[in-house]
Novice: 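Can you read through this structure? Questions will come right after.
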Amino acid sequence: MALRFYNTLTQKVEDFVPQQEKLVRMYTCGPTVYNYVHIGNLRTFTFQDILRRWLRARGYELRHVMNITDVEDKIIRDAARAGKSIFEFTTVYTQAFFEDTQRIRIERPEQVVKATDHIPEMVADIQALEAKGHTYRSDGSVYYRIASFSDYGKLSHINLSGNIAGARVDVDEYEKDDARDFVLWKMKKEGEPSWQTPFGEGRPGWHIECSAMARKYLGDTLDIHTGGVDLTFPHHENEIAQAEGITGKPFVRYWLHAEHLLVDSQKMSKSLGNFYTLRDLLDMRYSPDSIRYLLASVPYRNKLNFTFDGLKAAQTAVDRLRNYALRLKTARFNEGENPHWTEKAKSAAMRFGEALDDDINTAGALGVIFEFVRDSNAAMDAGTFLAGNVPAAQDLLRQFDEIFDVVTPGAAEGGLSDAEIDALVAERTDAKKSRQFARADEIRAQLDQQGVILEDTKDGVRWRRK
RNA sequence: GGCGCGGUAGCCAAGUGGUAAGGCCAGGGUCUGCAAAACCCUUAUUCGUCGGUUCGAUUCCGACCCGCGCCUCCA
């Protein structure tokens, strides 16, 4: 079966066929840099990372663009509070964003672009929309007239003919002709950053940056556009109106939306006190691996209910995989190769791929891996898993880790070097042989202090970092 | 009110028209100087409820109940 995705536009799972055979043009709505990323943001970015890696594993070349929103209401508000220019303010959080995403091994897209570096492109697009009659001016701002774009609503499947009873309506938007019209260019307000343009001094509306930058770097039609579900409406709907209003061509072929993360079954919010940034969790001593694993383990179209119990369970699961990798590396196996296990490893790799091909079914993919781990562990205990079977098992684990990236430990941060640990382990083994158990226990305690766990196995001692 | 999503073991969760993957927890066991760790085994006659279609439904159809999201800034 081919690689396939659920497309929000068609509300169906569709085979993925990019415009060019092996090239994927992909755009991601990136962060608004006014704070540290929280785990909800990270759930979406982790999905995008898994998607990237899987596309590459399937032989595609990626051209992935992500924007940084660095001018926006909340940025202006918080920068002012901090007494900084928006440039100073957003630079700090942009850098923090990359530090944080790297901590949980989220790859950096091929191209990262900032909104404020693309004001001329946005202005040109707004002018093009004006020329096509999609806009009107009011109180010094420029608005998009939704009624002028007949496809409006096709992504979010929203029926525009009324029915907003019960919905919250912004009564302040008196200057718009229609409550659903959106702003392309905002007239300057006192104390706000602004740019001089043919429409007057002001700043861009939020939606225009994405369609302008996406088209600049990826062309009029993208293969994939992703973001959180909350962006479906109005942000992505408006991007379509902007891009297609200008080009008349389909803007995006596959829209992929990541569901939200909940905390203890509730929407994460500062007022509920259940709002966590990555830094919060790392300060609480949770490992980056367990966070990444947890965020990746629930398929992206399901809501992910974040709990600390779940995070601990994720850590245990990661440890299980690491122990298995360590066992493959350090245990002694009987000579020979058992064709059964070579075959099993191969079929597991295939089923792993089939799960990910199926709209990035990470839970299914993990199931395949753990099943193989359990069965082959049992075979090792029984002595039927032989030395010649190790490479195939390691291959499987490597394929897994190219996507999930949680097994291979990061470089040790300070502490003892591998050689120092090996020396202490050897000393302890000698002590044990000469029945100097006090010294042996002392070394074990010392290593434990340094974050190194010793494990006595029948094939000797092995160690790992906590 | 409109649109949409989901209800599978204590928790997380995959899945299929033919009789329930996997992870965590828990219980049992193996190993061991002690211990830890590790590993193995066991754990849903049942998939929100009630009907319908079918030889057969958790899986298809209908109704209902419950939870949630979007319709406003939000990953």
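Quick note on labels: first sequence line is chain A, next is B, and so on, each numbered from 1. Note: hydrogens, waters and symmetry copies are ignored here, and every other heavy atom, side chains too, is used. Computed from a predicted model, the values in this text were never measured in an experiment.
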Novice: For B:rC25, which nucleotide in any strand shown is its Watson-Crick or wobble partner with both distances under 3.5 Å?
Specialist: none
Novice: Is B:rC64 paired to anything, Watson-Crick or G-U wobble with both distances less than 3.5 Å, and if yes, which nucleotide?
Specialist: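 Result: B:rG48.
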Novice: Could you tell me whether A:Leu231 contacts a base, only the sugar-phosphate backbone, or nothing, with contacts defined as non-hydrogen atoms closer than 4.0 Å?
Specialist: sugar-phosphate
Novice: Please tell me if A:Asn302 has a side-chain N or O lying less than 4.0 Å from either OP1 or OP2 of B:rC5.
Specialist: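 Result: no.
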Novice: Ignoring backbone atoms, establish whether A:Lys303 has a side-chain N or O less than 4.0 Å from OP1 or OP2 of B:rC12.
Specialist: no
Novice: Provide the Watson-Crick or G-U wobble partner of B:rU16, both distances under 3.5 Å; none if there is no partner.
Specialist: none
Novice: In whole Å, measure the gap between the C1' atoms of B:rU46 and B:rU59 for me.
Specialist: 13 Å
Novice: Please check the phosphate of B:rC40 (OP1 and OP2 only) for any side-chain N or O of A:Arg320 closer than 4.0 Å.
Specialist: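 For A:Arg320, the contact criterion (side-chain N or O under 4.0 Å from OP1 or OP2 of B:rC40) is met.
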Novice: Rounded off to whole Å, could you give me the CZ-to-P distance for the A:Arg327 and B:rU30 pair?
Specialist: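 So the CZ-P distance, A:Arg327 to B:rU30, works out to 17 Å.
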Novice: Considering only B:rC3, B:rA14, B:rC74, which nucleotide approaches the side chain of A:Asp230 most closely?
Specialist: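 Closest nucleotide among those given: B:rC74.
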Novice: Go ahead and name the base partner of B:rU53; Watson-Crick or wobble counts if both distances stay under 3.5 Å, otherwise write none.
Specialist: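 With both distances under 3.5 Å required, B:rU53 matches none.
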Novice: Mark this stacking check for A:Phe437 against B:rG33 as yes or no, applying ring centres under 5.5 Å and ring planes under 30°.
Specialist: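 By the stated criterion, A:Phe437 and B:rG33 stack.
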Novice: If pairing requires Watson-Crick or G-U wobble contacts with both distances under 3.5 Å, which nucleotide is the partner of B:rC70?
Specialist: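 Paired with B:rG2.
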